[in-house]
A.B. asks: 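I have a structure here, written as structure tokens, and I will follow up with some questions on it.
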Amino acid sequence: MADYEVRASIVGLQRRLEFPELNLDAVALNSERLSLGDRTRELKVGIAALDDEARVAPGVQRAQNGVVEDALHEQVELERADRDKGEHCCAHALLLRPAPMGYTLCVLACGTMGIAVLSGVIESLDAVRPNTATKWESHSPGTLTPTGPPDASIPTRFVACVAREESATKLRAVFGALGPLGASVEVLASRNLEAVQKADVVLLCCKPQLAHAILGEPGIKDALDGKLLISILAGVTMAQMNAWVLPSTKVIRAMPNTPCKIREGMTVVSTLPISPSTDVDRAIILKIFSSIGRCRFLDEKHFDACTALSGSGPAFACIFLEAMADGGVMMGLPRAEALELAAQTLQGTARMVLQGGAHPAQIKDAVTTPGGCTIAGLLAMEDGRVRSTIARAIQVATERASELGQPTKK
Ligand SMILES: NC(=O)C1=CN([C@@H]2O[C@H](COP(=O)(O)OP(=O)(O)OC[C@H]3O[C@@H](n4cnc5c(N)ncnc54)[C@H](OP(=O)(O)O)[C@@H]3O)[C@@H](O)[C@H]2O)C=CC1
Ligand SMILES: O=C(O)[C@@H]1CCC=N1
């Protein structure tokens, strides 16, 4: 036994003990190495001993009382054949994991939406708005400005991965322009496995038809083991994704939209399955999406409709916006002013609904003077069947969303 301990000490210090599954950064057979102060937060430190709790206890005690108070403690029992002696030995290791200091968020396939979400999150972390209340499901817009002790549900390290080097170069410029935190984003091209390995939480933002191939790349399944995988893909179901990853991977769907980029997004998140990590996962998801707009949970069965309404919605809203501006231009308004008037009018009206709680019909009626110009315009719109046209657009888009990421019908 003693031989083993000495050997463990030497091996441990020189090449991380012979327990690779522990992935220790340092090993202590006594408390000396634990006097590393704050550096222990960045290290996984193991105390190993052999079947001799008495010898471990003093070091453990000191560690708990002093240096890494809030570290996560985990008792692990190890068995190894002692090759020197041909014996089967047992070792106990107490792992002192670093206190959580945030996590690594990987945006896998960081295109239009990946950039929108990641830029929004980074800007929210950078924002200094001391009096802004934390925003959860029903408030907007929000901020992730960290106050007080480090929050394990806030991302602190970022990896973005794309297919092509030219996209990576573009991404570095886009994120670099956001300031120091943006510049810290690690951008990789064609290195999906490495990106996923580095991550604690993966936001999958590829085209729906690419998901199977990307998740099926060698090593990706294992790299996702136990991790939270948030997919923003239209049409690709949880059942599909669950079949493409290990059972230990926690798959969630989210449907954000492009206004996330300016932290005015609308994101719907699928209801979380109950698991030991539900609360943590919920906090992580809310911190991401509430920081970049509104966020609400809905059952997955509604996802195709949400994809059409809020995912595609910015495109539909812009048709209406452009049309209003065109009308102004037709009547002689300069283009820029017409666009400003239309955009601010839509924004103000939407805020009356969201913030003031007004019903759209109330707002419409309040504007509509009997015999006035508004009713004249409204009737012209009804003649053009604007309402049913817009509603049908959502219907058709929903139907199309349900086909995305599905095998093509012959
Ligand atoms: N656009 C929107 O408004 C919304 C889109 N969505 C969903 O988001 C997803 C992405 O859409 P969007 O952002 O518009 O798409 P983009 O085409 O803008 O982005 C796709 C990204 O995938 C990368 N990519 C392609 N192949 C690979 C690969 N093999 N490995 C890693 N990365 C790869 C591309 O990299 P490269 O540039 O190097 O080719 C690009 O960065 C879709 O599933 C869509 O349904 C959801 C809500 C709204
Ligand atoms: O058009 C699309 O397929 C994606 C999904 C939602 C918005 N854009």
Side-chain angles (χ1 to χ4, degrees), residues 106-120 158-175 185-199 202-220 223-224 229-238 240-241 244 251-262 264-270 288-289 292-295 298 300 302-319 393-394 396-406:
C106 160
V107 180
L108 194 55
C110 192
T112 306
M113 275 315 292
I115 293 172
V117 172
L118 194 46
S119 309
F158 303 92
V159 182
C161 194
V162 288
R164 295 167 298 149
E165 192 53 55
E166 62 183 278
S167 301
T169 305
K170 187 186 120 193
L171 240 56
R172 285 184 198 106
V174 168
F175 294 134
V185 177
E186 186 177 355
V187 181
L188 304 173
S190 281
R191 282 150 72 189
N192 291 342
L193 178 59
E194 191 182 333
V196 173
Q197 281 170 336
K198 287 177 182 222
V202 175
L203 189 68
L204 181 63
C205 300
C206 64
K207 293 292 188 198
Q209 62 275 18
L210 279 182
H212 191 190
I214 289 179
L215 294 177
E217 285 176 16
I220 294 273
L224 280 168
L229 173 66
I230 308 169
S231 158
I232 69 158
L233 280 47
V236 181
T237 63
M238 300 260 285
Q240 284 177 290
M241 280 180 304
W244 299 335
V251 176
I252 289 296
R253 280 184 77 181
M255 183 46 60
N257 61 13
T258 47
C260 287
K261 189 165 189 182
I262 59 155
E264 287 291 352
M266 180 71 236
T267 305
V268 177
V269 180
S270 62
I288 294 176
F289 294 110
I292 52 178
R294 286 176 172 253
C295 175
L298 269 181
E300 198 200 3
H302 296 301
F303 256 64
D304 295 332
C306 297
T307 302
L309 181 44
S310 55
S312 304
F316 304 146
C318 279
I319 293 290
I394 304 293
V396 170
T398 303
E399 287 160 7
R400 178 65 189 135
S402 73
E403 296 167 357
L404 297 174
Q406 304 304 318

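Each ligand, and each atom within it, is numbered from 1 in the order the structure gives. Only heavy atoms go into these numbers, but all of them, side chains included; no hydrogens, no water, no symmetry mates. Start at 1 with the first residue, then count along the sequence.
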A.B. asks: Check for a donor-acceptor pair, side chain of Glu300 on one end and backbone N or O of Met238 on the other, with a separation under 3.5 Å.
C.D. replies: yes

A.B. asks: Is the contact between Cys206 and ligand 1 made by the side chain, the backbone, both, or neither, using heavy atoms and a 4.0 Å cut-off?
C.D. replies: backbone

A.B. asks: By number and element, which atoms of ligand 1 are closer than 4.0 Å to a non-hydrogen atom of Cys110?
C.D. replies: 41 (O)

A.B. asks: Determine, considering heavy atoms only, which of Arg164, Gln209, Glu217 sits nearest to atom 38 (O) of ligand 1.
C.D. replies: Arg164

A.B. asks: Give the numbers and elements of all ligand 1 atoms closer than 4.0 Å to a heavy atom of Ala234.
C.D. replies: 43 (O), 45 (O)

A.B. asks: Closer than 4.0 Å to some heavy atom of Ser167 - which atoms of ligand 1 meet that?
C.D. replies: 36 (P), 37 (O), 38 (O)

A.B. asks: Do NZ/NE/NH1/NH2 and the carboxylate oxygens of Glu166 and Arg172 come within less than 4.0 Å?
C.D. replies: no

A.B. asks: Check Ile214 against ligand 1 and report side chain, backbone, both or neither, counting heavy atoms closer than 4.0 Å.
C.D. replies: side chain

A.B. asks: Would you say the side-chain atoms of Ser310 pair up with the backbone N or O of Gly313, donor to acceptor, closer than 3.5 Å?
C.D. replies: no

A.B. asks: Just heavy atoms, cut-off under 4.0 Å: does Ser312 contact ligand 1 by side chain, backbone, both, or neither?
C.D. replies: neither

A.B. asks: Roughly how far apart are Ser270 OG and Met255 CE, rounded to 0.5 Å?
C.D. replies: 10.5 Å

A.B. asks: Taking atom 3 (O) of ligand 2 as the reference point, report whether a protein heavy atom occurs under 4.0 Å from it.
C.D. replies: yes

A.B. asks: Heavy-atom pairs closer than 4.0 Å: do any link ligand 1 to the side chain of Asn192, the backbone, both, or neither?
C.D. replies: side chain

A.B. asks: Run the numbers for me: atoms of ligand 1, each under 4.0 Å from some heavy atom of Cys205, listed by number.
C.D. replies: 9 (C), 10 (C)

A.B. asks: Provide the number and element of each atom of ligand 1 under 4.0 Å from a heavy atom of Ile232.
C.D. replies: 6 (N), 7 (C), 8 (O), 46 (C)

A.B. asks: Could you tell me, atom by atom, which parts of ligand 1 come under 4.0 Å of a heavy atom of Thr258?
C.D. replies: 3 (O)

A.B. asks: So, Thr169 side chain and Glu165 main chain: donor-acceptor pair closer than 3.5 Å or not?
C.D. replies: yes

A.B. asks: Heavy atoms only, cut-off 4.0 Å: how does Asn257 contact ligand 2, side chain, backbone, both, or neither?
C.D. replies: neither

A.B. asks: Can you figure out which of Met255, Lys207, Glu165, Lys170 has its heavy atom closest to atom 14 (O) of ligand 1?
C.D. replies: Lys207

A.B. asks: Under 4.0 Å from a heavy atom of Leu404: give me the atoms of ligand 2 that qualify, with their elements.
C.D. replies: 3 (O)

A.B. asks: For ligand 1, which atoms sit closer than 4.0 Å to a heavy atom of Leu233?
C.D. replies: 43 (O)

A.B. asks: Using heavy-atom distances, let me know which of Gly311, Pro256, Cys306 sits nearest atom 47 (C) of ligand 1.
C.D. replies: Pro256

A.B. asks: Show which atoms of ligand 1 fall inside a sub-4.0 Å distance from at least one heavy-atom site of Leu210.
C.D. replies: 25 (C), 26 (N)

